[in-house]
Protein chains: 2
Amino acid sequence: MPKLGAEPIRRAALVKATIETVGEAGSLEVTVAQIARRAGMSSALAHHYFGSKEQIFLAAMRAILTLYGAEVRGALATADTPESRLRAIVAGSFAQGSFRRETISAWLNFYVLAQTNPQAHRLLRIYQRRLRSNLRHELRPLVGARAQAVARGLGAMIDGVYIRAALADDAPDRDYALDIVNEYIDRELEGTP
Amino acid sequence: MPKLGAEPIRRAALVKATIETVGEAGSLEVTVAQIARRAGMSSALAHHYFGSKEQIFLAAMRAILTLYGAEVRGALATADTPESRLRAIVAGSFAQGSFRRETISAWLNFYVLAQTNPQAHRLLRIYQRRLRSNLRHELRPLVGARAQAVARGLGAMIDGVYIRAALADDAPDRDYALDIVNEYIDRELEGTP
DNA sequence: TTTTTTGTTGATTGACGAGTCAATAAACTT
DNA sequence: AAGTTTATTGACTCGTCAATCAACAAAAAA
């Protein structure tokens, strides 16, 4: 039954299945067979398209970070003042697409993978750098010289909220997450209008 | 050459070796044999004392959290005002004993383990609860009703700084970590003396 | 229509690793 | 001295899993 042009569809299905499988298992110790089954194909085909388990993981990680970037960009599109743009970056960080159980859990696991795998490390670095640079850029006109320090704090807090959401029993609460970070922003902007 | 009373020594050696091995590997995918070798014994003996790899991990996790608790308590001992106690909790969180490469990496990995393992989950929960309760207690006289919210933010930020330290290339920088968190505290206490 | 390219899988290989066991030995008890 | 408890390990079992391969099928190209 080979329909041509299957490759991109299969790849996408595998990436999706990887995030789901890793997210559900809460661990990278999932088998290629599990992922492939979820994606509706044999493990041999998964290997055929990606070559190795490592590459499957990296593709999934890229997908997560790409989605994240898209959400932030989307949130930024409607904001024009520095403060609203700053809040938009934060809101984008906790957007529905990214801020869901399996995605958060998968993200955490890929974070761990970055300790071992140089490519994963690089990917995460790029994300962190871009986030901080975005934050700093909007913070500059708001808090001046302190922009650098505040951007670091904000970045750390966002990651912290993520990691805690991964451990929570109940479904991740977007508004709760936003409250925590926005409260910090409120304080920082206070008296510097 | 069996000297009696070896059990506690062997257990401690295994726990230490576990943290080192997991920390260095940056992953829980280490073998019992590796851990045992590092601790200077056969893998059979490790199984003899702990029963399973899972139990070895849990013991190591307990050790990390116990050390962490001790550091915070130590830092608190010399502080008496609410603010100095608050700063002490933070300083204790990044104390030399806990805030080192392998320990941070091991901690992150155990964090992931808590997604799968109920006991690990419980342990981490206890730590989080205690930290937040400590923070809230000192914050109450400082920021009143906002204590709850600030404690959450601080807790998240501390975890965030940890997770980022795990990914940094260079050795974890205690002062840098402290700066980030203390800056946040400065802001929160501003205007509420 | 033969050939090539693309898609697909069941079966197999080869490695690795958790946990068990039987055996050995030194201490301690009676 | 005989028996028991504690310490210790090499060798083995048994399962799992990533990766490969041979083979088959259908579309496209020749």
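Please read these numbers as outputs of a predicted model, since none were measured by experiment. Every chain is numbered from 1 and lettered A, B, ... according to where its sequence line falls, protein lines coming before strand lines.
- A:Phe94 and A:Tyr176 fall within the same hydrophobic cluster, where Ile, Leu, Val, Met, Phe, Trp and Tyr residues are linked whenever their side-chain heavy atoms come under 4.5 Å apart, directly or through other members.
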Contact pattern, 5' to 3', of nucleotides 9-19 of chain D - B, S or - by protein heavy atom under 4.0 Å: BB------SSB
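- Applying the side-chain contact (heavy atoms from CB on, under 4.5 Å) test to A:Ala44 and every residue at least two apart in sequence or in another chain returns A:Ser42.
- For the residue pair B:Gln115 / A:Ser105, a side-chain donor-acceptor distance below 3.5 Å is found, with atom types taken as modelled.
- Proximity of A:Tyr49 to the phosphate of C:dT6: no side-chain N or O atom is located under 4.0 Å from OP1 or OP2.
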Enumerate donor-acceptor pairs with a distance under 3.5 Å from any side-chain N or O in residues 55-72 of chain B to protein atoms, sequence neighbours excluded.
unit_1: B:Thr66; atom_1: OG1; unit_2: B:Arg62; atom_2: O; d: 2.7
unit_1: B:Tyr68; atom_1: OH; unit_2: B:Ser93; atom_2: OG; d: 2.9
unit_1: B:Glu71; atom_1: OE2; unit_2: B:Gly97; atom_2: N; d: 2.9
unit_1: B:Glu71; atom_1: OE2; unit_2: B:Ser98; atom_2: N; d: 3.2

Audit row: B:Arg187, A:Glu190, side-chain contact (heavy atoms from CB on, under 4.5 Å) steps and yes/no: CA-CA 9 Å; B:Arg187 280 290 136 187; A:Glu190 215 164 62; over 6 Å; no
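- Here C:dG7 presents its P atom at 6 Å from CD of A:Glu7, a figure rounded to the nearest Å.
- Spacing between atom CD1 of B:Ile35 and atom P of C:dG19 amounts to 11 Å, rounded to whole angstrom units.
- When rounded to the nearest whole Å, the span between CZ of A:Arg11 and C1' of C:dT6 equals 14 Å.
- Note: CZ (B:Arg37) to C1' (C:dG17) measures 13 Å, nearest angstrom.
- If you check residues 111-121 of chain B against DNA chain D, you find no residue with a heavy atom closer than 4.0 Å.
- By the salt bridge (Lys or Arg N to Asp or Glu O under 4.0 Å) test, B:Glu29 pairs with no residue at all, sequence neighbours left out.
- Remark: A:Tyr111 pairs with A:Trp107 by the ring-ring contact (aromatic ring centres under 6.0 Å, His included) rule, at least two apart or across chains.
- Contact check for A:Asp169 versus B:His121: side-chain heavy atoms found under the 4.5 Å cut-off.
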